[in-house]
Amino acid sequence: MTFEALGLHTSIIRALSDAGYTKPTGVQEQAVPAAISGRDLLVSSQTGSGKTAAFMLPALHKFATAADVMDTDAGKTPNQERQAARARGDRPRFQAAKPKMLVLTPTRELALQVTTATDKYSAYTRRIKAVSILGGMPYPKQMQLLSRNPEILVATPGRLIDHMESGKIDFSELEILVLDEADRMLDMGFIDDIEKIVDATPATRQTMLFSATLDGVVGNMARRITKDPMIIQIAGSATKHENITQKVHFVDDLSHKNRMLDHLLRDVSVDQAVVFTATKRDADTIADRLNIAGFAAAALHGDMHQGARNRTLDALRRGQVRVLVATDVAARGIDVPAITHVFNYDLPKFPEDYVHRIGRTGRAGRNGMAISLVNHAEGINVKRIERFTKQLIPVDVIEGFEPKKTASAPRSAARKPGGWKPGDKRTGPSTGNRDHKPGQRTFSKPGSGTTGSSAGPRKEGSGGYKGTRSGETTGARRSFSDR
Ligand code: ADP
Ligand code: MG
């Protein structure tokens, strides 16, 4: 299958060849023709599978084809009319931007990435401007972007609502609506904003929704806002990430964990790495500590100003930062091909976040390594991740860094695929914590020895998978959004 065979406009084919894309990915192969035919789409497929192009290429195709027709009609495009009016000296009141396409994303980083990808895909497509409207961006800058009447708007929901309510954006001519990472937007509490935005768009629009899962709340919303959608599920929610090698290292305490992290980061195979922490404070502390230890490290989390976040991501992209220490929400969507390793300094609160975390490596078909540093008491959380991904994560031991506890030794020998099988009723996701098979994978109890003994003020192994889903452990529920 080639991009030509998908029927894409020649200007897009040319841009894709510049970008070095030789053939469509699985999700693109299915989504592009369906979207060109005008159908609504509900898509779930793993991170890094090329979803941005899956919705952006058919949209650009549609706009490029319409522009060709407009040329032969010799009429003026709305923007040419605006320009002509300005040249005549008519300065009407501020005219609301009337985008043809709106892409909603959960985070600013993701919005910027979608805009950058769009610029790349539309390099040869005339009359297409894509802009991102984000919280944290100075208001005059946003007004200036909107006054250019961009065809494509990429935005986080909160900030967009503000502009809609003040009449700066008019969706009456919207043709295509995309919800990227819809599950995450709902997790972040954007549901009311999304519904308000959807209600402001014409019923005739084409809607494409992308999500890690199409079950539950997301599925309900998806059905409400789409018409006869084509459902594309490439890998299901339990994504395999077969190009990513996963490992667990058991640690006795924080100092053991820190020494092991330093050791692993010095491995020659580490090009760039992301270290995930549970809290913003730990992200800062560990980044500082790694800097002192001689790594070019930087923190990334939701308490940082947008400018600082952008600078950090740029430095990461340019290779000036080698180790990014990040929280889940801040790191979502980071797409830097040189990231060879992901370290879970803390396990994520939710198994699906594990999948998103490890998806920061192994981008664009490369191989990656994902290593979790796990306290003995957290074994149960590893199991939950394994159940979610339907894969076992092998336990590994590094010479000189052996954990004092021996519980993990017989375990690793017993850990062959087949210890848990998909469909095994006893270990199905609904059975909660009481599902380990006696003798096969025994985890030692907390408090029975070294756990946390020299750990200082930090408490480990707390939290687990309970509690509200706030994405980051401190701050209000929407502190990381863009209001
Ligand atoms: P997703 O949204 O599914 O996580 P992205 O759209 O961010 O994935 O794409 C992941 C990476 O793959 C990006 O670096 C992108 O440039 C690259 N990519 C996308 N499609 C192709 C393709 N057809 N060929 C090669 N690389 C691709
Ligand atoms: Mg994406």
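Computation of the quantities below employed the complete heavy-atom set of this structure, encompassing side-chain atoms and omitting hydrogens, waters and symmetry-equivalent molecules. In each ligand, atom 1 is the first atom listed, and ligand 1 is the first ligand listed. The residues of the chain are indexed from 1 along the displayed sequence.
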Any N or O on Gly48 sitting closer than 3.5 Å to an N or O of ligand 1? yes

Polar-atom distance check: Thr22 versus ligand 1, any N or O pair below 3.5 Å? no

Atom indices of ligand 1, in the order listed, that fall short of 4.0 Å to a heavy atom of Phe3: 23 (N)

Rounded to the nearest 0.5 Å, what's the gap from CZ on Arg311 to CD on Gln306? Could you check? 10.5 Å

Minimum distance, heavy atoms only, to atom 22 (C) of ligand 1: which one of Tyr21, Tyr121, Phe210 is it? Tyr21

My understanding is that only residues two or more places apart in sequence, or in another chain, count here; which of them pass ring pair (Phe, Tyr, Trp, His ring centres under 6.0 Å) with His163? Tyr139

Aromatic centroids of Phe388 and Tyr354 separated by under 6.0 Å: no

Answer with yes or no whether the side chains of His341 and Asp267 bring together a donor and an acceptor at under 3.5 Å. no

The residue among Thr65, Leu60, Thr125 that forms side-chain contact (heavy atoms from CB on, under 4.5 Å) with His9 is Thr65

For ligand 1, which atoms sit closer than 4.0 Å to a heavy atom of Lys23? 22 (C), 23 (N), 24 (N)

If you apply the rule salt bridge (Lys or Arg N to Asp or Glu O under 4.0 Å), what do you find for Arg281 with Asp303, and how did you get there? CA-CA 10 Å; Arg281 235 185 89 203; Asp303 276 354; over 6 Å; no

Atom indices of ligand 1, in the order listed, that fall short of 4.0 Å to a heavy atom of Thr25: 20 (N), 21 (C), 22 (C), 23 (N)

Which atoms of ligand 1 sit under 4.0 Å from any heavy atom of Ser49? 1 (P), 3 (O), 8 (O)

N or O pair under 3.5 Å between Pro24 and ligand 1: no

Test of understanding: given a 4.0 Å heavy-atom threshold, classify the contact between Asp335 and ligand 1 as side chain, backbone, both, or neither. side chain

Do any nitrogen or oxygen atoms of Gln113 lie less than 3.5 angstrom from nitrogen or oxygen atoms of ligand 1? no

For Thr52, the ligand 1 atoms with a heavy-atom partner under 4.0 Å come out as 2 (O), 5 (P), 6 (O), 7 (O)

Contacts of Tyr21 meeting ring pair (Phe, Tyr, Trp, His ring centres under 6.0 Å) (sequence neighbours excluded), chain-then-number -> Tyr121

For His301, run the side-chain hydrogen bond (donor to acceptor under 3.5 Å, both in side chains) check against Asp284, Asp328, Thr327 and tell me which one passes. Asp284

